[in-house]
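For reference, the structure is listed below as structure tokens.
Residue numbers start from 1 in every chain, and the chains themselves are labelled A, B, ... in the order their sequence lines are given, proteins ahead of strands.
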Amino acid sequence: MRIPYFISGLIFLTSAVGYAQNSPEQYFQTNCQACHTIGGGKLIGPDLKDVETRQTREWLINWITDPASVLASGDPYAAKILIEANNVPMVPSPGINAELAARLLDYILEIATSGTPVVAYIPPTFTPEDIVIGKAIFLGKQKLTNTGPPCVSCHQVNSLSGLGGGKLGVNLTDVYFRLGEARGLTNWLKAPPTVTMSPVFADHPLTDEEIVELMAFFKNEGETTNAPTLASVANFILYGILGTILLFVLIGSIWSGRFTAVRKPMIAASKHTKSTIQG
Amino acid sequence: MNIRSQISMVFHLDKCIGCHTCSVACKNIWTDRKGTEYMWWNNVETKPGTGFPTRWEDQEKYRGGWEKDGDSVRLKSTGKARIIPNIFHNPSLPSMDDYYEPWTYDYQNLFNAPAGDDQPTALPKSMVTGEYIDIESGPNWDDDLGGSSLYAKNDPNLESLTEEQKQQLFEIERLVLFYFPRICNHCLNPACVASCPSGALYKRGEDGIVLVDQERCRGWRSCVAACPYKKTYYNWTSGKSEKCILCFPRLETGQAPACFHSCVGRIRYLGVLLYDADKIEEMASKTDRELVNAQREMILDPFDPKVIEMAKANGIHEHTIQAAQESPVYKFVKVWKMALPPHIEYRTFPMLFYVPPMLPVISSLDGEARKNMAEGLFPEFDQARVPIEFLSSLFTAGDGEKMRYVLKKQMAVRTWRRAVTVGDISKETAEKMLIAADCTIAEAEGIYHLTSIATLEDRFVIPPAHREEAIEMMDDPLEYKQHAGFGFRDKPTRGL
């Protein structure tokens, strides 16, 4: 488990430099598009068409480079858009700096004024097979085409029994509805923008079919299971206790006789032999 | 050649009477502090016996010393894989029970007990917990074969004996013992020094004494596990390890260590040996049987002009070289080849050597007449009550020939002296025995002299430490030349 994270950390460190050198267009596609459109309407985050009419450029650069601090400072506008986005906070963008943020704003202005036509979005239809394959992909039973890691290594959904999935990432039970249903989630999965996921999936993107299948699974999850069941929580505790006992038994059997005295066993052994001679 | 000097020792086991005066002298000077009660930097064991701590020679359990590893050696007690699982509690350490729980007696009760029908007694009290205890064992519990059916029978050296030999050894009329006094061997290749993760142990450059720096010691106890002789001890009050310091404050002032000085049987000899430190690794990685000779090979001839020149180049004082030439240890170990290292197979190259004990004359009463069981003065080695194999297991890594050589020489010297002083043996017979034992008359007289009539100066040849010269390395003795002298304790006041 540790090694993929170590590697992804390395990839992140090396790729962060690369991001800064990309064109703003490329950067927008890989890091912003998952949540934002320019003139295509609201996804998770707001439409950015008229963004500079709503806030000053200075505020925007601050927000793009360090959204967490702006939120923490109690800025009222930031709080407002957080609520509008179903409490999904603006994610920090990899390799961002003030200069790149300014170039991104220039790019957004350019697209907004050029009048590029917006392609209408047609939501996909999910079949029951998609749900089954999506679950297999989620669990890693079916390998991803571009060799990305399976979701379950970091994420959990409530319907999983036993020890469940990974606890490093967020719980994905209601991700379909949280991230703006099919349209938002498609964008997100095409290029996951978070600092953790972006470097992992940058070179191993999901295919369009995989995205549809995963979304079918997530939609089904969000509709059928709402809260972690008592059984799954109990199972987790039970497996934990059993595993601990098993570990101690294993250590105990491997290291039995680890601490041995010398004199007392010697005396015990000699008493034993004496009594057998007499008996 | 990298010549170093080492204060080395010889214990003549034939002269030891097992009185424990050495142990008591040491205890009174160094180890009657809190936390050191159980330590015996010097102890006297009865052999056959399990010693202190119990069965310390069992390296399967205690994992002390070195083992051969190709052209080099590696510590038996530790290694990269062993250190992690054992870092907080090393299972090869002796437990308190394997040493003993130190105790004192409730003497106050003898004075303060209320009037009663019985005499008051002083009950034993643990010096660790302060509670009354039942004493189950002590540091010399098997003294004089006190527990032979238990302790003597479990001597690890008996493993080299046949079943028949073992049975004979414990027949009541043949029962035999000798004493085995032990201190730190101040080894040439000390496992304790090599094992210390804090680098707290070191071997002094000028005289080879192995010491524990109490400032740097972090109480890992690696040295306790690594020393195959179990001669480093953990002080449970200070949390540091301690060991025999060969009374270096006494040595530096020209006195023999306390255990040497107090020895009633005068069994102890002390002197300088010069050795070649470059050869340690090569010699330590030889096979078990080659080790005794390998160690002798490392010890250099202090009369060889080349050795003297190299020693001086290495900073060894000419007085030390002079002491090495007069050293009784050099004669016993290298010239006469009579003193042998204990358990050389642990590959630490102990610098304390033992002259093995002569086998006692066996005689028995046959009716009214006292009868010697052997024809001559001494029995044949193979009829000896202590089997050669037992002594060889202790001193020559199992090589019976080397043991026979030493015993034969001792026997020849005694026969020669009997021919000289008593005259019931002809000098020709004695001389023949000397030649057979690889000994000359001059050598025999030398051995006799040092064994029987040696003076304090013959037995302890301590080189001057020359601290007055050593101090010049750090301080300029002339610095205060014009500062000191006549002065006032109080500021002088003039008039009234």
Side-chain angles (χ1 to χ4, degrees), chain A residues 1-13 149 152-154 162-168 196 200 236-279, chain B residues 38 45 48-64 81-82 84-101 134-142 146-156 158-159 163 166-167 170 221 224-225 228 230:
Chain A
M1 278 271 277
R2 273 204 330 248
I3 291 164
Y5 283 99
F6 174 70
I7 292 168
S8 69
L10 273 184
I11 293 168
F12 170 65
L13 286 175
V152 77
S153 49
C154 299
L163 288 173
K167 303 287 185 286
L168 287 161
T196 328
V200 180
F236 181 76
I237 293 169
L238 199 70
Y239 281 122
I241 293 170
L242 279 177
T244 312
I245 292 171
L246 205 69
L247 196 71
F248 280 133
V249 169
L250 200 69
I251 290 172
S253 62
I254 290 172
W255 276 341
S256 63
R258 179 169 140 85
F259 300 113
T260 47
V262 176
R263 197 189 67 86
K264 275 190 178 148
M266 187 179 91
I267 289 170
S270 87
K271 271 180 188 156
H272 178 70
T273 45
K274 248 188 229 165
S275 66
T276 51
I277 289 164
Q278 283 161 2
Chain B
Y38 81 99
E45 290 169 10
T50 49
F52 169 78
T54 310
R55 279 175 70 84
W56 60 270
E57 290 154 294
D58 179 3
Q59 303 310 342
E60 292 299 307
K61 155 71 188 170
Y62 291 118
R63 303 186 72 89
R82 273 188 68 81
I84 302 291
N86 297 321
I87 194 160
F88 294 115
H89 194 147
N90 190 338
S92 43
L93 288 172
S95 66
M96 185 166 76
D97 183 65
D98 300 329
Y99 292 107
Y100 73 111
E101 186 164 354
D134 283 332
I135 304 169
E136 282 179 39
S137 74
N140 56 338
W141 202 242
D142 53 342
S148 72
S149 61
L150 181 55
Y151 290 98
K153 260 195 180 148
N154 278 296
D155 187 321
L158 295 177
E159 276 159 29
E163 273 308 312
K166 272 189 228 176
Q167 277 186 355
F170 291 102
R221 291 183 245 185
V224 182
K230 290 291 162 279

Between chain A and each of [options], count heavy-atom pairs under 4.5 Å; write down the option with the most.
options                 : answer
N154(B), N90(B), L93(B) : N154(B)
D58(B), T50(B), D97(B)  : D97(B)
E136(B), H89(B), R55(B) : H89(B)

**Request:** Please round to the nearest 0.5 Å and tell me the distance separating atom CZ of R263(A) and atom OH of Y151(B).
**Result:** 4.5 Å
**Asked** Taking the side chain as C-beta and beyond, is there a heavy-atom pair between W255(A) and P85(B) under 4.5 Å?
**Response** yes
**Asked** Which heavy atom of V262(A) sits nearest a heavy atom of T54(B), and at what distance?
**Response**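 Minimum heavy-atom separation between V262(A) and T54(B): CG1-O, 3.6 Å.
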**Asked** With a 4.5 angstrom heavy-atom cut-off, which part of P53(B) approaches chain A: side chain, backbone, both or neither?
**Response**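 Nothing of P53(B), per the 4.5 Å heavy-atom cut-off to chain A.
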**Over 12 foreign heavy atoms within 6.0 Å of NZ, K61(B)** =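 Above 12, so yes.
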